[in-house]
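As a basis for the values below, the full set of heavy atoms in this structure was taken, side chains included, without hydrogen atoms, waters or symmetry mates. Keep in mind the model is a prediction, meaning the values are calculated, not measured. Counting convention: from 1, in listed order, for ligands and their atoms alike.
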Amino acid sequence: MTNPATRWQELNQELLAASDAYYGSAEPILSDAAYDEKLRELQALEADHPGLRSETSATSRVAFARTTDFAPVEHRQRMLSLDNVFNPEELAGWLARIPAESYLCELKIDGLAVNLRYVDGRLEVAATRGDGRVGEDITANVATIAGIPHRLQGRDVPTLLEVRGEVFFPTQAFTELNEALEVAGQNRFANPRNAAAGSLRQKDPRVTASRPLRMIAHGIGAVEGKEFPSQSAAYEALAVWGLPVSEATRVVHSPEEVLAYVTHHGDHRHDASHEIDGVVIKVDARSEQLRLGATSRAPRWAIAYKYPPEEVHTRLLDIRIGGGRTGRCTPFGMMEPVLVAGSTVAMATLHNAHEVVRKGVRVGDVVVLRKAGDVIPEILAPVVSLRDGTERDFVMATHCPSCGTKLVQQRLGDKDLRCPNARSCPSQLRERLFALAARGAFDIEALGAVGARDLLESGLLIDEGGLFTLTADDLVRTSVYSSRSGGVNATGWKLLENLEAVKQQPLWRVLVALSIRNVGPTAARALASRFGSIERIREASVEELADTEGVGAVIAQSLKDWFEVDWHVAIVESWAAAGVTMADELPEAPDTDEPAGSADDMQTLAGLTVVVTGSLEGFTRDGAKEAILARGGKAAGSVSRRTNFVVVGENAGSKAAKAEELGLPILDEAGFVRLLELGPAGLSGGDGGAPVAP
Ligand code: IVH
């Protein structure tokens, strides 16, 4: 057990350093969640060992200001922080301890606290919070923020008024700022809060003026010449004087209503124009606030309910390369596992080597990791100030990590590197085998990723051609499909049964299963219904193929190229010889279990709006659109609250960010295929509807 005094020292030092960084610079060194956790530990330690309490404790100070060039400003009344609760039980405890007739519920804006001092209605000085007593003069910069009046409106203005508020960077504008910074070759900001901090701390107010910062008032400090009966009345007065106040603020009268507010905004976390990290509950009556008073850190009449963090810090242990079905080699980050937005994350794709450079991350960095709701985890940026010199630059592989073949660029300017050894690269083979068993292809229940690997590693398959001639004697040689007694296990028998049954699958599924570049379910259905057999597809000219509804020139050429390769044709021949359907009866017989007819009779997306952004492997832009339309859906070009699903492919830009911001369901390509196949109900299965790391 660590000695309590040593632990106290450790925690206190860490918290003070973090607090310095938080208030003094644009880049925090501890995530908010880690800070809160450590502060709680320090508080508990001091509660158990009161002798440890001292004036220098992080529990008794708001924070320490850092010396900068910005002149010091003493606040007329101290700027306090807030105590936190993290779950409904803790909230109920606080409400029971602090009973009130009316509570004011507000959003907790994730920005930077400022104090605006108005004297006789004129903005005299604006300052950061600093240590709570003394902040820094940022008047010139704050004066450029739209919505902050330089003069209060109306006659009834107090002689002195300190307005407290939060300056923030609207989330939509944040995405655009980062895009612009990138184009200009400058560093991106990890999140809107950092962007707000960076924008406020500019020496040149013209730079601040060019950033679309906003402020919302959330309190008052010293006031002379006016009294407010309640916090809500103060907000009403602020609004009349022309100050921005939040529209989401509500006065409620019971603990149940407080909890309902907390739950509602937790469910609609991304609806506001700014990021929120919780809600704040305040006793509304000023007389009660004065009676309750404050500790050295925070008022007793207010509490912050913190939502689970969507951004955390973790260490990037390694950057590895994952190989896809088409040979694309993708770097992905391996991290110390962390809990973020309700799930543990240890991997996140970094897309390609350019992306690693763009993000500026090095192996060994502490990185900011974000996962908002169901969104794909993303490494946002390194925490540069935590580097100790042991970090190393990522070097992109030149050879395939799976088979050692030299990686190539498919086309000039292509950001992706691919392994050209399509036939026998173990990782491509494994991915292809896994993909052909997917629900949108052959739908072989007993063949998953582990089974695919096993069939290859045990030497039973050298490519997918031999799949349908596997026998019970073969499966005995695997580990997944064999029993301890030396026979075939239940999964093995199931696999043999599945393989027999899926030979009757319609032609379009066979086409999808062949992993022909750009041929997804839509193109496959269109080809199957127009040509009826694999032979006719093979014989068709590029023009005939391209002329097919939902196919187009790119897919047509892909098909032609694919059939040129001997071993591809050999796979088709092996499957055909094993009895796999290579032709549909024309017109197709209705199939009640799997409506495999033309796409038009499957209205899986009726009434739904889907936006596709970025590039998909199995669909062209038009192909994806066509697939949505064919199922009764609307393929929209821009993301809005009315969008039902957003499909995010490679190199997706601001639409993906907008979708995250609005909290819309985001799908990867596999999820999209399932959505097309089965409609929204197909996404609840939990086996990969949500995007996955490589
Ligand atoms: S009230 C005396 N209300 O959160 C009470 N603070 O973690 C002081 N914040 O320092 C703050 N939204 O900068 C209050 N609606 C809100 C807020 C809010 C964001 C910030 C504020 C405060 C910090 C505490």
K.L.:
Given E257 and Y261, is the side-chain hydrogen bond (donor to acceptor under 3.5 Å, both in side chains) satisfied, shown in steps?
P.N.:
CA-CA 6 Å; E257 286 175 287; Y261 185 90; over 6 Å; no

K.L.:
Is atom CD of E74 surrounded by more than 12 heavy atoms (other residues, nucleotides or ligands) closer than 6.0 Å?
P.N.:
no

K.L.:
Considering distance alone, does some N or O of I109 sit under 3.5 Å from an N or O of ligand 1?
P.N.:
yes

K.L.:
Just going by heavy-atom distances, which of Q77, K282, K108 is nearest to atom 3 (N) of ligand 1?
P.N.:
K282

K.L.:
Pull out every atom of ligand 1 sitting under 4.0 Å from any heavy atom of P299, numbered as shown with elements.
P.N.:
2 (C), 5 (C)

K.L.:
Please evaluate residues R76 and E162 with respect to the criterion salt bridge (charged side-chain N to carboxylate O under 4.0 Å, His left out), reporting the C-alpha separation (whole Å), side-chain torsions for both, the decisive distance (0.1 Å), and the verdict.
P.N.:
CA-CA 8 Å; R76 295 288 164 86; E162 280 188 323; 5.6 Å; no

K.L.:
Could you go step by step and tell me if N191 and E311 meet the side-chain hydrogen bond (donor to acceptor under 3.5 Å, both in side chains) rule?
P.N.:
CA-CA 9 Å; N191 53 42; E311 253 175 45; 2.7 Å; yes

K.L.:
Counting only heavy atoms closer than 4.0 Å, does ligand 1 sit against the backbone of E166, its side chain, both, or neither?
P.N.:
side chain

K.L.:
Where on L107 is there a heavy atom closer than 4.0 Å to ligand 1, on the side chain, on the backbone, on both, or on neither?
P.N.:
backbone

K.L.:
Hey, does A304 sit under 4.0 Å from ligand 1 if you only count heavy atoms?
P.N.:
no

K.L.:
Could you tell me which atoms of ligand 1, counted from 1 in the order shown, lie closer than 4.0 angstrom to a heavy atom of A113?
P.N.:
13 (O)

K.L.:
Between A5 and L52, which heavy-atom pair has the shortest distance, and what is it?
P.N.:
CA-CD2, 3.8 Å

K.L.:
Using 0.5 Å steps for rounding, measure from the OG atom of S232 to the CD atom of E236.
P.N.:
6.0 Å

K.L.:
Which option out of M79, R164, H218 puts a heavy atom nearest to atom 14 (C) of ligand 1?
P.N.:
H218

K.L.:
For residues 147-161, which side-chain N or O atoms pair as donor and acceptor with protein atoms under 3.5 Å away, sequence neighbours left out?
P.N.:
unit_1 : atom_1 : unit_2 : atom_2 : d
H150   : NE2    : A143   : O      : 2.8
D156   : OD2    : K226   : NZ     : 2.9
T159   : OG1    : E224   : O      : 3.0

K.L.:
Counting each atom of ligand 1 from 1 as listed, which ones have a heavy atom of E106 under 4.0 Å away?
P.N.:
3 (N), 15 (N), 16 (C)

K.L.:
In terms of atom number and element, which parts of ligand 1 are under 4.0 angstrom from non-hydrogen atoms of L80?
P.N.:
8 (C), 10 (O)

